[in-house]
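Note on naming: letters A, B, ... go to the chains in the order of the sequence lines (proteins, then strands), and numbering restarts at 1 for each one. As the structure is a computational prediction, the values presented were derived from the model and not from experiment.
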There are 2 protein chains.
Amino acid sequence: MYSRELLKGILKPIILKLLNDHGKMYGYEIVQHVKASSQGKVLIKEGSLYPSLHALTKEGYLETEAVMVGNRTRKYYRLTGKGKEAVAPAVNEVIEFQATLSTLFGKPKTALS
Amino acid sequence: MYSRELLKGILKPIILKLLNDHGKMYGYEIVQHVKASSQGKVLIKEGSLYPSLHALTKEGYLETEAVMVGNRTRKYYRLTGKGKEAVAPAVNEVIEFQATLSTLFGKPKTALS
DNA sequence: CAATAATACATCATAATTCTATGTATTGCA
DNA sequence: TGCAATACATAGAATTATGATGTATTATTG
């Protein structure tokens, strides 16, 4: 698990990309999926995810569909048109940022290299 | 320039690595150096840097040396022993994080790939 | 030579985001 | 039967970078 601050800024891009790749997902599923695909290194807390999903919905990026599974409600999220437009810019920014981190934290140039 | 939240968590690692590579630097120099080496993509604000340098100093990672240049004071920072020990873990965490971003935001696996 | 930009430091209130703690309830398993 | 996992939710706390503002010196340029 990374220091909490490093994760700031990547939660919404993660949500957008996952929904873009999977069509629809529910909250708990997102948490488990990110945990698995990051080899346990990115552990999104439910206290972080649910408010973020609510905010994205309120802002018009996501829409919801409630499904009853037994006696339990499962709330699926999917991208709206606005949400689909937001995927590429969000993902690209993270990818660029990741490349910049590579530059900044790679080995320093020495007189001999 | 990236969305502000993405930069959270990387300021202290940047400072530690720069001082490790350069021996000593002053605040304004750090801002300019990061701007140049990130091709203008990471613009550390003085309102962010100076408080961070003060905090790292207070916590025992850095020590200072005031140098007069003309009539102007320049405050150099260098790593203490404790600071040197903190470099590798901080840098490694960012590098690992960067690798995880690569995994999470790479192209999704499809049935054909 | 006067105005402007750059150098160089500093602080504080604000904003943004995630986490911890807490709560409710159902379902599966040992 | 009790515990873990599933599945949702919220509110206050914590962390960190930024914007705004301030002071002062030095270099540049019209």
For a quick test of your reading: what N or O donor-acceptor pairs under 3.5 Å do the side chains of residues 36-50 of chain A make, sequence neighbours left out?
residue: A/S37; atom: OG; partner: A/H33; partner atom: O; Å: 3.0
residue: A/S38; atom: OG; partner: A/V34; partner atom: O; Å: 2.8
residue: A/S38; atom: OG; partner: A/K35; partner atom: O; Å: 3.4
residue: A/S38; atom: OG; partner: A/K41; partner atom: N; Å: 3.3
residue: A/S38; atom: OG; partner: A/V42; partner atom: N; Å: 2.9
residue: A/K45; atom: NZ; partner: A/L43; partner atom: O; Å: 3.1

Ring pair (Phe, Tyr, Trp, His ring centres under 6.0 Å) partners of B/Y28, counting only residues at least two apart: none
Partners meeting side-chain contact (heavy atoms from CB on, under 4.5 Å) with B/E85 (sequence neighbours left out): none
Heavy-atom protein contacts under 4.0 Å, nucleotides 24-30 of chain C, coded B base, S sugar-phosphate only, - none: --BS---
Value in whole Å for how far the C1' atom of C/dT7 lies from CE of B/M25: 15 Å
Qualifying residues under ring pair (Phe, Tyr, Trp, His ring centres under 6.0 Å), relative to B/Y26, sequence neighbours excluded: B/Y76
Distance in angstrom units between B/F97 CZ and C/dT18 C1', rounded: 13 Å
Partners meeting side-chain contact (heavy atoms from CB on, under 4.5 Å) with A/E5 (sequence neighbours left out): A/K8, B/K8
Any donor-acceptor pair under 3.5 Å from A/Y77 side chain to A/T57 backbone: no
Length of the CG-P vector between A/L7 and D/dA17, whole Å: 14 Å
Any donor-acceptor N/O pair, B/N20 side chain to B/L16 backbone, under 3.5 Å: no
Side-chain donor/acceptor of B/K8 to base of D/dT15, under 3.5 Å: no
Separation of atom CD1 in B/I10 from atom C1' in D/dA17, rounded to whole Å: 11 Å
Atom pair distance, as rounded to whole Å: CG in B/L6 and C1' in D/dA17: 12 Å
Pairing residues for B/E65 by the side-chain hydrogen bond (donor to acceptor under 3.5 Å, both in side chains) criterion, not counting sequence neighbours: B/R78
Sugar-phosphate, base or nothing in reach of B/M68, heavy atoms under 4.0 Å: nothing
Residues in ring pair (Phe, Tyr, Trp, His ring centres under 6.0 Å) contact with A/Y61, at least two apart in sequence or another chain: none
Donor/acceptor link under 3.5 angstrom from B/K45 side chain onto base of D/dT18: no
A/K84 NZ: over 12 foreign heavy atoms closer than 6.0 Å: no
Sugar-phosphate only, base, or nothing, as touched by B/L49 at under 4.0 Å among non-hydrogen atoms: nothing
Members of residues 56-66 of chain B that approach DNA chain C, where some heavy atom sits under 4.0 Å away: none
Integer-rounded Å distance: C/dT18 P and A/L11 CG: 5 Å
B/Y2 OH - D/dT18 P separation (whole Å): 14 Å
For atom NE2 of B/H33 and atom P of C/dT7, their distance in whole Å: 15 Å
Pairing residues for B/K12 by the side-chain contact (heavy atoms from CB on, under 4.5 Å) criterion, not counting sequence neighbours: B/S52, B/A55, B/L56, B/E59
Sugar-phosphate, base or nothing in reach of A/I44, heavy atoms under 4.0 Å: nothing
Test side-chain contact (heavy atoms from CB on, under 4.5 Å) applied to B/R72 - qualifying residues, sequence neighbours left out: none
Nucleotide-resolved protein contact map, nucleotides 8-13 of chain D, B/S/- at heavy-atom distance under 4.0 Å: BBBB--
